[in-house]
Amino acid sequence: MRRVLGLAILVVFSLVFLYRLYSVILSRDPGGLPATVLSRVGSRPQESEGAILLMRESESVIPRGASVVFVRPDQRNANLDRITFLVALGHLPRHRVLPARVLDEGGGGPDFVVTFLQGDFVDPRFELVRSFEHGKVFRRL
Amino acid sequence: MTGSLTSLLIAGATVVLMGLWCVSVPVCRASWSRLITSAFVFGLVTSTSWMLLLALLGIRWSVALILAPPGIVSLVVLVMVLRRGHRLPSRPAGSLALVPLLVPLGLLCFAAVQALATSFDLIFFWGVKGQRFVVDRGIDPNFLANPDHWTMHPDYPPLVPAFTAWAGILSGSFDWFVPVLATPLFGTLGVLAFWAFLRPFVDDAYLAGCTLLYACIFSTLFVHTYSAGNAESVLLFFVTVAGAAAFARWPTPKENDAIIACALAGAALTKVEGVAVVAALVAAIAVGRARSVVDFGKHVFRLAIVPVVLLGQWILFVRMHGFLDAYGGGTYGSFRIESFSLVARALLQQASFEFSYLPWIAVAALYVLGAARRYEPIIVAVILMAFLVYVFMHGEENPTAWIIWAGQRVLLTPLSILLVGGAVAMRKAES
């Protein structure tokens, strides 16, 4: 009796967890194959996906070894600057990724700036090189 | 996606090759499921420590250099074991009982492929390190020691990035989906280890039920806590191997020491809290066996020497290059006793997994039903939880946000030990 009860409890709990797993998956809108590892997570998955796609596109424009800053110019703050820095650090491994604060420190600045989304980036030290769907690449004059 | 999966499977197969020397340990070759999980344990630990040694010596990684020495040693050991008349297990047995596991593991795989469970920590540090290890063909200490990179937790142990980097070196470039797909792989290995190491001691039907529950709980929680791509599934695999090998019979027989020590080394090389797993499990086993203080010391030495030496190798590398951080307490700030109630409350809240504490209730049900309850797994789990509380009590800022970010994931480790203990409570009377 105890054995049957034990097995029944194990099966019932397993089914409850399976149902939970199924519900969690459905709640995150599965679909076709995602373009990036972040395409379906976070509070703004389209933005996360866009940032990674922008990194891939920028990589082809920026020469290897060049210094790069990745920022979101319309929402600069310490937390967001840190996030964009880490995203660039992982996705531009053959470039010298610098934190966004170097833009505020004066001097020549980095060789390139990649700006996320279409927020205005106005800095007389840089000129636009290329526009992509998710952002722009600027080069130091 | 096919390319990512192929890279992962080739990396996994080569890790098994590098870990095949586990056949020299009789308990590891007792069944196919044990052989596969043990080879992964030995292979991951061997490849990571070998890659680390090469990094310490300043030698650039290459496919031949990483694979050939441990691979050849493994094959030589395999041939020697077979020539001594030992046989490998002839065929997988009882595999029909494992068929229901395909449902939770299949859903976990689907969630990973669909990027529904990706961890942001993959983007912030686990993946960044793996990517850099591939590009640098080694561990560039200047990159890790750069003060701008401190948010990457530079001294976090290297096993997971070393594994994903190995997949990248084999395929020519780092693939961000490899660590994501590694989560169902290590989830499956954890489930297999749970089955493999408990099987001789727990009634088959019960164990099949417990294994299904284990698979359902962790597949659900990996997805719920967005753990794909980070180190949780790898740590859980090592903890499950060590816990199951330690608690299946009590006191733990000495013949299990090699696999326990190796799995603990894997845990220590995977995450910082792996050190707490090593300390708690080694202490529990040594207390269970020891007849005197000297005896206690001998057992501690036998079990802890491998984890201590291998983690020491990493800490030596870190110290040599001046980026000691988490292991020196730098990440966490000063200890604040006044944080206790806040931390305990926040952690308790996270322990619900937003699912009415059901994982813990399921474990409690196993203990209530089992006739052969052992309290050592509970003590180990309590020590691990106390360690988590202690860690979260550091720092000047309110730790609530930190606990919300990481609390549920780090609670998976004590939960896995409790699940092993719950299954062991249903041991066959004769064992």
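A, B, ... follow the sequence lines: proteins, then strands. Residue 1 opens every chain.
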Bottom line for B/V368: the part with an atom under 4.5 Å from chain A's heavy atoms is backbone

Okay, A/I52 and chain B: the region with an atom under 4.5 Å from a heavy atom over there is side chain

On the six-membered ring of A/F112, is A/R140 placed so that its NZ or CZ lies under 6.0 angstrom from the centre and within 45° of the ring axis?
no

The interface call for B/F222 against chain A, heavy-atom contacts under 4.5 Å, is neither

Query raised in the report: For the rings on B/F174 and B/F133, is their centre-to-centre separation under 6.0 Å?
Result: no

If one checks every heavy atom of B/F353 against chain A at 4.5 Å, the contacting part turns out to be backbone

**Prompt:** When you measure from the side chain of A/D120 to the backbone N and O of A/V122, does any donor-acceptor pair fall under 3.5 Å?
**Reply:** no

The interface call for A/S48 against chain B, heavy-atom contacts under 4.5 Å, is side chain

When the 4.5 angstrom heavy-atom criterion is applied to A/I9 and chain B, the contacting part is side chain

Under 4.5 Å to a heavy atom of chain A? For B/L366 that would be side chain

Honestly, the part of A/V16 sitting under 4.5 Å from a heavy atom of chain B is both

Bottom line for A/V24: the part with an atom under 4.5 Å from chain B's heavy atoms is side chain

Worksheet item: Do the numbers put B/R132 on top of the ring of B/F143, so that NZ or CZ is under 6.0 Å from the six-membered ring centre and no more than 45° off the axis?
Response: yes

